[in-house]
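Data block below; observations after.
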Amino acid sequence: EGQLTESGGGSVQAGGSLRLSCIASISNYDESCIGWFRHPDSGREGVAAIYTGGSGRFYADSVKGRFTISQDKAKKTVYLQMDDLKPEDTAKYSCAVAQPQYCSARYFTLAREFKRWGQGTQVTVFA
């Protein structure tokens with residue numbers, strides 16, 4: 001069935017940058033929706049998603065213009081470049097995989113449709 005493994009979290013001052021990586025060791029990588037979610041003290045928020053079989057990229061309004069999602073298909077790895085980080089970006093970040101039809105502006109934040117999850121990586125932004 002495969003697994004997802006995140007890395008790249010850490011502590012950074014506001015205004016700084018981090019790049020998260022998600023290695024998606026899954027057999028259907030080339031036709032998947034891979035999303036990044038974050039888990040602050042309460043709730044779960046969809047941050048960004050990428051359709052691995054095409055050009056679809058989707059972002060939450062709270063991160064547009066600051067975060068960029070990309071992939072290296074050969075490495076089955078999805079990246080989340082986070083720039084101009086703010087204290088409110090502090091959370092555990094997880095990647096997850098869903099069927100490709102959930103890679104749309106309407107559905108990419110629906111966590112219940114993402115069936116496999118990584119363990120997450122902590123991002124802490126201090127003022």
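- D61 and K64 are joined by a salt bridge, as a carboxylate oxygen and a charged side-chain nitrogen come within less than 4.0 angstrom of each other.
- Between the T124 side chain and the T90 main chain, no donor and acceptor come within less than 3.5 Å of each other.
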Name the atoms and distances for all side-chain donor-acceptor pairs under 3.5 Å in residues 101-114, with sequence neighbours left out.
{"residue": "Y102", "atom": "OH", "partner": "E113", "partner atom": "OE1", "Å": "3.2"}
{"residue": "S104", "atom": "OG", "partner": "R106", "partner atom": "N", "Å": "3.4"}
{"residue": "S104", "atom": "OG", "partner": "Y107", "partner atom": "N", "Å": "3.2"}

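- The CD atom of Q81 sits 5.5 Å away from the OG atom of S17 when rounded to the nearest 0.5 Å.
- Between atom SG of residue C95 and atom CD1 of residue I50 there is a gap of 12.0 Å, rounded to the nearest 0.5 Å.
- Residues T68 and Y79 have side chains not in contact (no heavy-atom distance under 4.5 Å, counting atoms from C-beta outward).
- A distance of 8.0 Å separates OG of S94 from CD of Q119, quoted to the nearest 0.5 Å.
- Side-chain N/O atoms of D72 and T77 include no donor and acceptor closer than 3.5 Å.
- Screening residues 44-53 for side chain to side chain donor-acceptor pair (under 3.5 Å), with sequence neighbours left out, gives E31-Y51, R38-E45, E45-S62.
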Take F67 and D83, measure what side chain to side chain contact (heavy atoms under 4.5 Å, CB included) needs, and give me the verdict at the end.
CA-CA 6 Å; F67 290 11; D83 297 319; over 6 Å; no
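- Inter-residue side-chain proximity for V123 and M82 is flagged as met; some heavy-atom pair is nearer than 4.5 Å.
- Panel note: side chain Q3, backbone G118; no donor-acceptor pair is recorded below 3.5 Å.
- A donor-acceptor pair under 3.5 Å links the side-chain atoms of E6 to the main chain of G120, judged by distance alone.
- Contact annotation: the side chain of I69 never approaches that of F58 to less than 4.5 Å [non-hydrogen atoms, C-beta and beyond].
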